[in-house]
Trainee: 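Below: one structure in structure tokens.
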Amino acid sequence: MTTSRLEAFSDGVLAIIITIMVLELHVPEGTDLEALSESVTGFLTYALSFVYVGIYWNNHHHMFQLVQRIDGLVLWTNMHLLFWLSLFPFTTAWMDESEFARTPVVIYGLNLLAAAVAYYLTQLAVFRSDGPESPLRRAVGRDVKGKISPALYIAGIAVAWLSPWLSLAIFTAVAVMWVVPDRRLERFLAEHAAEQ
């Protein structure tokens with residue numbers, strides 16, 4: 001099967017996720033800057049989750065540029081990824097509304113970890129579908145960032161028991177690490193485009 005329907009469906013789901021998150025932002029009661037300051041934490045949690053959704057959309061797009069064919073396992077692992085991403089609006093809102101209480105921050109971290117694992121499983125399913133000469137497998141290589149991220153999520157979850165703010169700093173650091181699209185995939189695509 002080609003990837004076009006999978007990509008179109010995934011794009012639509014991610015757009016809906018962002019829409020739901022922005023609708024969770026509370027409009028200030030007043031009309032001055034002081035009233036706006038009451039929405040700052042909501043905006044910052046929205047911004048962090050928006051960046052995460054953007055990272056997944058960007059890397060998903062890059063990944064599927066290298067996919068030759070998909071099968072049922074790829075479809076289901078992609079749905080698994082979308083499931084965890086679709087929980088971002090809920091975990092983001094809970095974290096914000098609880099004023100960054102420990103348990104909601106831990107749940108947010110678990111949501112980030114589950115999405116990362118789901119993305120990795122989607123990648124493995126693509127490797128299997130495309131076979132041993134999978135272009136994606138060759139482009140990804142050792143995948144250092146992909147291996148460091150879950151470890152940092154686990155560290156952030158563990159640290160939440162001491163300081164939820166430190167957890168958020170770790171989760172933000174992972175997002176910063178991934179903001180730049182995966183250069184390995186871009187280089188691989190550029191090199192092979194030149195060969196054709």
Side-chain angles (χ1 to χ4, degrees), residues 5-64 77-120 122 145 148-150 152-182:
R5 288 194 67 203
L6 178 147
E7 290 178 88
F9 180 76
S10 300
D11 289 349
V13 170
L14 293 174
I16 291 168
I17 290 168
I18 288 172
T19 302
I20 292 169
M21 284 192 314
V22 79
L23 292 174
E24 288 291 325
L25 288 175
H26 299 289
V27 176
E29 298 286 326
T31 58
D32 56 7
L33 289 178
E34 187 177 334
L36 185 60
S37 69
E38 295 170 11
S39 300
V40 168
T41 57
F43 176 76
L44 292 176
T45 54
Y46 164 76
L48 178 61
S49 292
F50 180 92
V51 167
Y52 265 110
V53 172
I55 288 166
Y56 277 102
W57 177 80
N58 212 313
N59 286 302
H60 190 272
H61 171 74
H62 280 80
M63 175 168 56
F64 279 92
T77 55
N78 190 70
M79 288 297 291
H80 178 233
L81 170 61
L82 294 175
F83 170 78
W84 291 109
L85 294 177
S86 73
L87 290 177
F88 277 15
F90 169 75
T91 58
T92 302
W94 190 27
M95 187 173 61
D96 176 48
E97 290 174 15
S98 72
E99 297 181 0
F100 307 101
R102 180 183 304 123
T103 300
V105 171
V106 166
I107 297 301
Y108 184 75
L110 288 170
N111 192 182
L112 293 174
L113 177 62
V117 169
Y119 186 88
Y120 177 71
T122 303
K145 281 198 309 189
I148 291 172
S149 298
L152 289 173
Y153 292 139
I154 292 168
I157 292 163
V159 166
W161 301 107
L162 301 172
S163 168
W165 290 102
L166 186 53
S167 290
L168 288 171
I170 292 170
F171 301 152
T172 302
V174 177
V176 168
M177 182 174 76
W178 280 101
V179 162
V180 175
D182 202 328

Trainee: How far does OH of Y108 sit from CE of M95, to the nearest 0.5 angstrom?
Mentor: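 Y108 atom OH to M95 atom CE measures 5.0 Å (nearest 0.5 Å).
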Trainee: Mind listing the closest non-hydrogen atom pair of A101 and S98 along with its distance?
Mentor: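 The pair with the smallest heavy-atom distance is N-OG, 3.2 Å.
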Trainee: Extract all donor-acceptor atom pairs below 3.5 Å that involve side chains of residues 14-34 and protein atoms in other chains or at least two apart in sequence.
Mentor:
residue: T19; atom: OG1; partner: A15; partner atom: O; Å: 2.9
residue: D32; atom: OD1; partner: A35; partner atom: N; Å: 3.0

Trainee: Should we say atom CZ of F43 is surrounded by more than 12 heavy atoms from elsewhere, each under 6.0 Å from it?
Mentor: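 No, not enclosed.
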Trainee: State, to 0.1 Å, how close Y153 and F171 come at their nearest heavy-atom pair, and which atoms those are.
Mentor: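 Answer, listing the atom of Y153 first, then F171: O-CE2, 3.8 Å.
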Trainee: Quick check for you: to the nearest 0.5 Å, what is the distance between R102 atom CZ and S163 atom OG?
Mentor: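 The CZ atom of R102 sits 9.5 Å away from the OG atom of S163.
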Trainee: Just to verify, what does W94 make a side-chain hydrogen bond (donor to acceptor under 3.5 Å, both in side chains) with, not counting sequence neighbours?
Mentor: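 If we apply the side-chain hydrogen bond (donor to acceptor under 3.5 Å, both in side chains) test to W94, skipping adjacent residues, there are no hits.
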Trainee: Quick one: pull up OH in Y56 and CG in L112 and give me the separation to the nearest 0.5 Å.
Mentor: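 Interatomic distance, Y56 OH to L112 CG, rounded to 0.5 Å: 7.0 Å.
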Trainee: If I compare all heavy atoms of M177 with all of S149, which pair ends up nearest, and what's the gap?
Mentor: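 Shortest heavy-atom contact: CE-OG, 3.2 Å.
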Trainee: Measuring from atom CE of M63 to atom CG of N78, what distance do you get when rounded to the nearest 0.5 angstrom?
Mentor: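 Rounded to the nearest 0.5 Å, the CE-CG separation comes out at 7.0 Å.
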Trainee: Can you find a heavy atom in the side chain of F90 that is under 4.5 Å from one in the side chain of N111?
Mentor: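 They are not in contact (no side-chain heavy atoms under 4.5 Å apart), so the answer is no.
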Trainee: Is the shortest heavy-atom distance from the side chain of L113 to the side chain of I157 under 4.5 Å?
Mentor: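 Contact flag for L113/I157 side chains = yes.
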Trainee: Specify the closest pair of heavy atoms between T45 and T92, including all atoms of both residues, with the distance to one decimal.
Mentor: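 Reported closest heavy-atom pair: O-CG2, 3.6 Å.
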Trainee: Checking K145 side chain against W178 main chain: does a donor-acceptor pair fall under 3.5 Å?
Mentor: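 Side chain of K145 to backbone of W178, a donor-acceptor pair under 3.5 Å: no, none is there.
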Trainee: What closest approach, in Å, do Y52 and A175 show between heavy atoms, and which atom pair accounts for it?
Mentor: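 For Y52 and A175, the tightest heavy-atom pair comes out as OH-N, 3.5 Å.
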Trainee: With rounding to the nearest 0.5 angstrom, report the CG to CG distance, L44 to L168.
Mentor: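 Spacing of CG (L44) from CG (L168) equals 10.0 Å.
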Trainee: For N58 and G54, indicate whether the former's side chain and the latter's backbone hold a donor-acceptor pair under 3.5 Å.
Mentor: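 A pair under 3.5 Å: no.
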Trainee: Let me confirm one number: the NE2-CG distance from H61 to D11, rounded to the nearest 0.5 Å.
Mentor: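 Answer for the NE2-CG pair, H61 versus D11, is 8.5 Å.
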Trainee: Is it the case that the side chains of D96 and T41 hold a donor-acceptor pair, with the cut-off being a distance below 3.5 Å and no angle test?
Mentor: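 The answer is yes; a qualifying pair exists.
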Trainee: Any side-chain to backbone donor/acceptor pair from T122 onto T77? Under 3.5 Å, distance only.
Mentor: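 Yes: the side chain of T122 pairs with the backbone of T77.
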Trainee: So which heavy atom on I170 is nearest to which on L152, and how close?
Mentor: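 Shortest heavy-atom separation between I170 and L152 comes out as CG2-O, 3.3 Å.
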Trainee: Taking side-chain contact (heavy atoms from CB on, under 4.5 Å) as the definition, give me every residue that meets it alongside H80, ordered by chain and number, with sequence neighbours left out.
Mentor: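 Partners of H80 by the side-chain contact (heavy atoms from CB on, under 4.5 Å) criterion, ordered by chain and then number, come out as W84, A118, L121.
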